[in-house]
Colleague: 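The structure under discussion is supplied below as structure tokens; questions concerning it will follow.
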Amino acid sequence: MNDTIRHDIKTLTGGSVAFGEFVEVRGWVRSRRDSKAGISFLSIYDGSCFDPIQAVIPNNLANYQDEVLRLTTGCSVIVEGKLVESQGKGQTHEINAQRVLVVGWVEDADHYPVAKKRHTFEYLRQVAHLRPRTNAFGAISRIRTTVCNAIHRYFHERHFHWVNTPIITASDCEGAGELFRVSTLDLMNLPKDPAGRIDFQEDFFGREAFLTVSGQLNAEAYALALSKVYTFGPTFRAENSNTSRHLAEFWMVEPEVAFADLQDNAWLAEDFLKYLFTCILDERQDDLAFFTQYIDAQVTGRLESLVTSEFELMEYGEAVRILEGYHKSFEFPVRWGLDLQSEHENFLSETHVGRPVVLINYPAEIKAFYMRLNDDGRTVAAMDVLVPGIGEIIGGSQREERLDVLDSKIARAGLAGDMEWYRDLRRFGTVPHAGFGMGFERFINYVTGMENIRDAIPFPRTPKHALF
RNA sequence: ACCUAGGUAGCUCAGUCGGUAGAGCGUGUGACUGUUAAUCACUAGGUCGGCGGUUCGAGCCCGUCCCGGGGAGCCA
């Protein structure tokens with residue numbers, strides 16, 4: 001196993017393995033090119049890095065005619081040979097093969113769904129089990145890994161605690177969207193109470209249960225003891241959203257910090273995002289080069305400028321005034337007290353500012369009950385981070401820590417008595433605290449230039465789609 | 001039971017006025033070459049999304065269903 005790890009392609013081409021050493025590579029064939037010089041070239045990838053390694057296969061190998069010349073894109077192979085400096089252009093290392101073992105053939109090569117050509121992402125979604133074999137999805141997968149690790153590293157270095165908040169929740173007032181029901185009741189034979197309603201006391205949890213739409217409320221409980229916490233896990237929204245930026249199942253990062261206000265929150269969001277940008281630039285230059293060449297020419301340059309430029313901090317009221325100046329060009333009205341539409345958010349981040357915008361202090365009426373009421377009595381300490389091309393990548397707020405204010409907002413929102421444990425957090429040693437949620441797949445799209453969020457997650461779940 | 005444009009070869013698409021189905025890429029064969037998304041030549045590959053209708057005749061017109069996009073709303 002040690003040998004296997006040492007000899008992935010990233011290691012072989014990374015400089016730590018000496019030329020002349022006998023090595024083995026295990027992977028899949030990207031392409032085969034034959035030369036009349038008596039050799040064939042195999043490009044082999046194993047997912048460890050963007051570039052494949054080139055294996056030079058001499059025609060005197062025993063299985064050259066019968067097997068090597070029949071290799072096509074997608075075949076799995078093990079190649080043993082000597083690691084040498086490449087004689088050709090385009091790579092530093094290559095393997096002079098002494099043995100080629102074909103592990104798995106591609107049957108019916110002309111119908112192999114992932115041919116050695118460009119495919120549309122719409123098509124690849126229909127073969128989601130095979131699309132990780134493409135350059136694009138290999139690159140996306142590696143960037144996801146890099147960002148996941150960077151997220152944990154960022155918080156770990158700053159003494160945040162990773163809190164694994166529940167996937168199943170009994171709270172139907174998380175307020176972030178429609179919920180998926182979790183139940184073991186027999187749908188064909190539902191138990192009823194005397195009033196004729198479904199009797200959820202008979203259900204698995206003895207009450208209605210759902211998949212979480214946010215770990216925030218639970219994270220608050222831990223922030224009010226451990227000071228700095230975050231959640232990172234799957235999130236479920238049963239909204240009938242059919243757009244390039246919505247998934248029914250997605251991953252979300254939610255830091256929550258005690259003794260913090262909205263300014264702290266905005267600063268954390270910007271510092272956090274810049275840290276992630278830097279990590280991608282440091283670790284994934286190979287994949288970024290691919291996205292820059294084939295997907296979005298601005299990708300690398302944008303990341304480089306983002307880590308050094310300040311995000312624009314803007315009051316909701318100021319945003320409204322700006323947008324009102326362009327009123328004629330919008331389909332939807334702009335007025336203080338109305339929520340901003342996608343066209344408005346896009347205008348602010350893409351056209352007016354040209355980089356991420358942190359919008360703060362929204363009208364209380366259009367935001368969730370747990371957001372802290374500002375002294376003006378009509379706005380709450382909410383913030384949205386808007387980025388060009390994606391829109392809202394982060395949403396957060398300072399939380400209402402005053403019990404009396406929270407109670408009035410709970411009452412106004414019509415939320416019932418399930419909030420007792422949440423109220424306890426204000427009854428026993430309450431402190432100002434704040435946090436936000438970042439959509440992981442939206443972040444992936446932003447840093448890769450990919451346009452559809454269904455291509456930012458391995459197996460996307462959207463309305464009417466739960467294949468694979 | 002929102003708006004919009006689509007479905008034609010393995011993939012990406014063209015197809016004029018309703019009149020015998022086309023290209024590129026990929027696959028296969030051959031040529032050439034330390035090649036590298038190679039290049040060149042040739043071959044194969046089709047129930048034009050399904051069903052129904054109009055017509056002498058439908059890829060094209062009509063109805064209906066299915067599929068995958070883009071947009072809106074909701075939000076991360």
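Each chain gets a letter, A, B and so on, in the order its sequence line appears, and its residues count up from 1.
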Colleague: Give one of base, sugar-phosphate or nothing for A:Y446, where a contact means two heavy atoms less than 4.0 Å apart.
Modeller: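 No contact.
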Colleague: Where the side chain of A:R237 is concerned, which of B:rU33, B:rA76, B:rA72 is the nearest nucleotide?
Modeller: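 From the listed options, B:rA76 comes nearest.
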Colleague: Could you list the donor-acceptor pairs under 3.5 angstrom formed by side chains in residues 249-258 of chain A, with sequence neighbours left out?
Modeller:
{"from": "A:E254", "atom 1": "OE1", "to": "A:G215", "atom 2": "N", "distance (Å)": "2.9"}
{"from": "A:E254", "atom 1": "OE1", "to": "A:T231", "atom 2": "OG1", "distance (Å)": "3.1"}
{"from": "A:E254", "atom 1": "OE2", "to": "A:S214", "atom 2": "OG", "distance (Å)": "2.8"}
{"from": "A:E256", "atom 1": "OE1", "to": "A:R399", "atom 2": "NE", "distance (Å)": "3.3"}
{"from": "A:E256", "atom 1": "OE1", "to": "A:R399", "atom 2": "NH2", "distance (Å)": "2.9"}
{"from": "A:E256", "atom 1": "OE2", "to": "A:R399", "atom 2": "NE", "distance (Å)": "2.9"}

Colleague: A:N361 and A:T379: side-chain donor and acceptor closer than 3.5 Å?
Modeller: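 Short answer, no.
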Colleague: Ignoring the backbone of A:S244, work out which of B:rA76, B:rG71, B:rC74 is nearest its side chain.
Modeller: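 Of all the options, the side chain of A:S244 is nearest to B:rG71.
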Colleague: Angle between ring planes, A:F347 versus A:Y326, binned at 30° and 60°: parallel, tilted or perpendicular?
Modeller: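 It falls in the tilted class, 30° to 60°.
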Colleague: Under 4.0 Å, counting only non-hydrogen atoms across every strand here, what does A:L247 touch: a base, just sugar-phosphate, or nothing?
Modeller: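 Base: the residue A:L247, judged by heavy atoms under 4.0 Å, touches a nucleobase.
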Colleague: In whole angstrom, give me the gap between the P atoms of B:rA5 and B:rU20.
Modeller: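 That atom pair is separated by 29 Å.
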Colleague: Considering only the C1' atoms, how many Å lie between B:rG49 and B:rA41, rounded to the nearest integer?
Modeller: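 Result for the C1' pair: 35 Å, nearest Å.
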Colleague: What interatomic distance, in whole Å, is found between C1' of B:rG50 and the corresponding atom of B:rA44?
Modeller: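 27 Å, rounded to whole Å.
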Colleague: With nearest nucleotides of RNA chain B determined for A:D339 and A:N96 from heavy-atom distances, which residue corresponds to the more 5′ nucleotide?
Modeller: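 So the residue in question is A:N96.
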Colleague: What nucleotide among B:rU35, B:rA76, B:rC75 has an atom nearest to a side-chain atom of A:S342?
Modeller: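 The answer is B:rC75.
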Colleague: Applying a 4.0 Å non-hydrogen cut-off, can you work out what A:K116 is touching in the nucleic acid: base, sugar-phosphate, or nothing?
Modeller: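 Sugar-phosphate contact only.
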Colleague: Look at all strands and tell whether A:N135 reaches a base, only sugar-phosphate, or nothing, counting heavy atoms closer than 4.0 Å.
Modeller: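 Contact class for A:N135: none.
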Colleague: A:G437 near the nucleic acid: base, sugar-phosphate alone, or nothing, with a heavy-atom cut-off under 4.0 Å?
Modeller: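 Touches sugar-phosphate only.
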Colleague: Report the residues that fulfil ring pair (Phe, Tyr, Trp, His ring centres under 6.0 Å) with A:Y64, sequence neighbours left out, ordered by chain and then residue number.
Modeller: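 Residues passing ring pair (Phe, Tyr, Trp, His ring centres under 6.0 Å) with A:Y64: none at all.
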Colleague: Please list all pairs passing the ring-ring contact (aromatic ring centres under 6.0 Å, His included) test where one or both residues lie in residues 66-108 of chain A, with sequence neighbours left out.
Modeller: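 Of all non-adjacent pairs touching residues 66-108 of chain A, those that pass ring-ring contact (aromatic ring centres under 6.0 Å, His included) are A:F19-A:H93.
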Colleague: Going by distance alone, is a donor N or O of one side chain under 3.5 Å from an acceptor N or O of the other, for A:R30 and A:N135?
Modeller: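 Note: A:R30 and A:N135 side chains meet the donor-acceptor criterion.
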Colleague: If we take the P atom in both B:rU12 and B:rG26, what is their distance in whole Å?
Modeller: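 Nearest-Å result for B:rU12 against B:rG26 at atom P: 15 Å.
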Colleague: Across the strands shown, which category fits A:S31 at heavy-atom distances under 4.0 angstrom: base, sugar-phosphate, nothing?
Modeller: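 Since only primed, P, OP1 and OP2 atoms lie under 4.0 Å of A:S31, the category is sugar-phosphate.
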Colleague: When the C1' atoms of B:rA9 and B:rU4 are considered, how many whole Å apart are they?
Modeller: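 Their C1' atoms lie roughly 28 Å apart.
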Colleague: Pairs counted only when both distances fall under 3.5 Å, Watson-Crick or G-U: show me the 5' to 3' dot-bracket for RNA chain B, [ ] for pseudoknotted crossings and | for other-strand partners.
Modeller: .(((.((..((((.....[..))))..((((.......))))......(((((..]....))))))).))).....
Colleague: What I want to check is whether the side chains of A:Y422 and A:E220 have a donor and an acceptor closer together than 3.5 Å.
Modeller: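 Looking only at side-chain atoms, A:E220 and A:Y422 do form a donor-acceptor pair, the distance falling under 3.5 Å.
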Colleague: B:rG28, OP1 or OP2 - any side-chain N/O from A:R32 closer than 4.0 Å?
Modeller: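 For A:R32, the contact criterion (side-chain N or O under 4.0 Å from OP1 or OP2 of B:rG28) is not met.
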Colleague: Return the minimal non-hydrogen interatomic distance between A:A456 and A:R144, and the atom names on each side.
Modeller: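 Looks like O-NH1, 2.6 Å.
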Colleague: Rounded to whole Å, how long is the line connecting atom CZ of A:F41 with atom P of B:rU39?
Modeller: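 Spelled out: CZ on A:F41 to P on B:rU39 is 16 Å.
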Colleague: Once you measure the plane-to-plane angle for A:F290 and A:F50, does it fall in the parallel (<30°), tilted (30-60°) or perpendicular (>60°) bin?
Modeller: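 Rings of A:F290 and A:F50: tilted, 30 to 60°.
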Colleague: Kindly state each residue pair satisfying side-chain hydrogen bond (donor to acceptor under 3.5 Å, both in side chains) with at least one member in residues 456-468 of chain A, sequence neighbours excluded.
Modeller: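 For residues 456-468 of chain A: none.
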Colleague: If we check ring-ring contact (aromatic ring centres under 6.0 Å, His included) with A:F232, which of these qualifies: A:F443, A:F440, A:F160, A:W162?
Modeller: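 The single option meeting the ring-ring contact (aromatic ring centres under 6.0 Å, His included) with A:F232 is A:F440.
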Colleague: With heavy atoms under 4.0 Å as the rule, sort A:V253 into base, sugar-phosphate or nothing.
Modeller: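 No contact.
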Colleague: Taking the six-membered ring for Trp, is the centroid-to-centroid distance between A:F272 and A:F155 below 6.0 Å?
Modeller: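 Yes, they do, as the ring centres are separated by less than 6.0 Å.
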Colleague: Looking only at atom C1', what distance separates B:rG70 and B:rC65, rounded to whole Å?
Modeller: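 It comes out at 22 Å once rounded to the nearest Å.
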Colleague: Using the C1' atoms only, state how far B:rU16 lies from B:rG22, rounded to an integer number of Å.
Modeller: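 Approximately 14 Å lies between the C1' atom of B:rG22 and that of B:rU16.
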Colleague: Ignoring hydrogens and angles, state whether a donor on the side chain of A:Y45 or A:R133 is under 3.5 Å from an acceptor on the partner side chain.
Modeller: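 Their side chains do not contain a donor-acceptor pair, so the 3.5 Å distance test is not met.
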Colleague: Report the nucleotide, chosen from B:rG26, B:rA76, B:rU33, that has the shortest atom-to-atom distance to any side-chain atom of A:F250.
Modeller: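 Comparing B:rG26, B:rA76, B:rU33 against the side chain of A:F250, the answer is B:rA76.
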Colleague: Does anything in residues 289-298 of chain A pair up under side-chain hydrogen bond (donor to acceptor under 3.5 Å, both in side chains), and if so which pairs, sequence neighbours excluded?
Modeller: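 Sorted result for residues 289-298 of chain A: A:T292-A:T300, A:D296-A:R302.
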Colleague: Across the strands shown, which category fits A:E343 at heavy-atom distances under 4.0 angstrom: base, sugar-phosphate, nothing?
Modeller: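 A:E343: no heavy atom of the nucleic acid under 4.0 Å.
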Colleague: Sort and list the pairs that fulfil side-chain hydrogen bond (donor to acceptor under 3.5 Å, both in side chains) and have at least one residue in residues 336-346 of chain A, not counting sequence neighbours.
Modeller: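 Sorted result for residues 336-346 of chain A: A:R245-A:S342.
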Colleague: Under 4.0 Å from any atom of RNA chain B, heavy atoms only: list the residues of residues 451-462 of chain A that qualify, in numerical order.
Modeller: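 Contacts with RNA chain B under 4.0 Å: A:N452, A:I453, A:R454.
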Colleague: From the set B:rG73, B:rG34, B:rC75, return the single nucleotide nearest to any side-chain atom of A:F332.
Modeller: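 Ranking B:rG73, B:rG34, B:rC75 by closest atom to the A:F332 side chain puts B:rG73 first.
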Colleague: Please list, chain by chain and in numerical order, all residues satisfying ring pair (Phe, Tyr, Trp, His ring centres under 6.0 Å) with A:H129, sequence neighbours excluded.
Modeller: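 Listed in chain order: A:F468.
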Colleague: Taking for each residue the nucleotide of RNA chain B bearing the nearest heavy atom, is the 5' side occupied by A:H246 or by A:T73?
Modeller: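 By nearest-heavy-atom nucleotide position, the 5'-most residue is A:T73.
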Colleague: Any idea which of B:rU35, B:rG73, B:rC32 is nearest the A:S241 side chain?
Modeller: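 Of the candidates, B:rG73 comes closest.
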Colleague: Can you tell me if A:Y112 and A:E107 form a side-chain donor-acceptor pair at under 3.5 Å?
Modeller: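 No, no side-chain donor-acceptor pair sits under 3.5 Å.
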Colleague: Can you tell me if A:S86 and A:Q91 form a side-chain donor-acceptor pair at under 3.5 Å?
Modeller: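 A:S86 vs A:Q91: donor-acceptor pair found between side chains.
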Colleague: Strictly under 3.5 Å: I want the nitrogen or oxygen pairs between protein and nucleotides 10-13 of chain B, one per line.
Modeller:
{"from": "B:rC11", "atom 1": "O2'", "to": "A:K117", "atom 2": "NZ", "distance (Å)": "3.2"}
{"from": "B:rC11", "atom 1": "O2'", "to": "A:H119", "atom 2": "ND1", "distance (Å)": "3.4"}
{"from": "B:rC11", "atom 1": "O2", "to": "A:K117", "atom 2": "NZ", "distance (Å)": "3.2"}
{"from": "B:rU12", "atom 1": "OP1", "to": "A:T120", "atom 2": "OG1", "distance (Å)": "3.2"}

Colleague: Rounded to whole angstrom units, what separation is found between the OH atom of A:Y45 and the C1' atom of B:rA37?
Modeller: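 From A:Y45 OH to B:rA37 C1': 14 Å.
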Colleague: To check you understand the geometry: which heavy-atom pair defines the closest contact between A:T448 and A:I295, and what is its length?
Modeller: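 Nearest pair, atom of A:T448 first, then A:I295: O-CG2, 4.0 Å.
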Colleague: Suppose you measure atom C1' in B:rC13 against the same atom in B:rG18; what distance do you get, rounded to whole Å?
Modeller: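 Pairwise C1' distance, B:rC13 against B:rG18, rounds to 22 Å.
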Colleague: Any side-chain N or O of A:S40 under 4.0 Å from OP1/OP2 of B:rU35?
Modeller: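 For B:rU35, neither OP1 nor OP2 has a side-chain N or O of A:S40 closer than 4.0 Å.
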Colleague: Distances for protein N/O vs nucleotides 2-8 of chain B N/O pairs under 3.5 angstrom?
Modeller:
none

Colleague: Is there a residue in residues 124-133 of chain A whose heavy atoms reach under 4.0 Å of RNA chain B, and which residues are they?
Modeller: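 Heavy-atom contacts with RNA chain B come from A:R125, A:Q126.
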Colleague: Could a donor-acceptor pair under 3.5 angstrom be found where the side chain of A:E94 meets the base of B:rG34?
Modeller: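 Indeed there is one.
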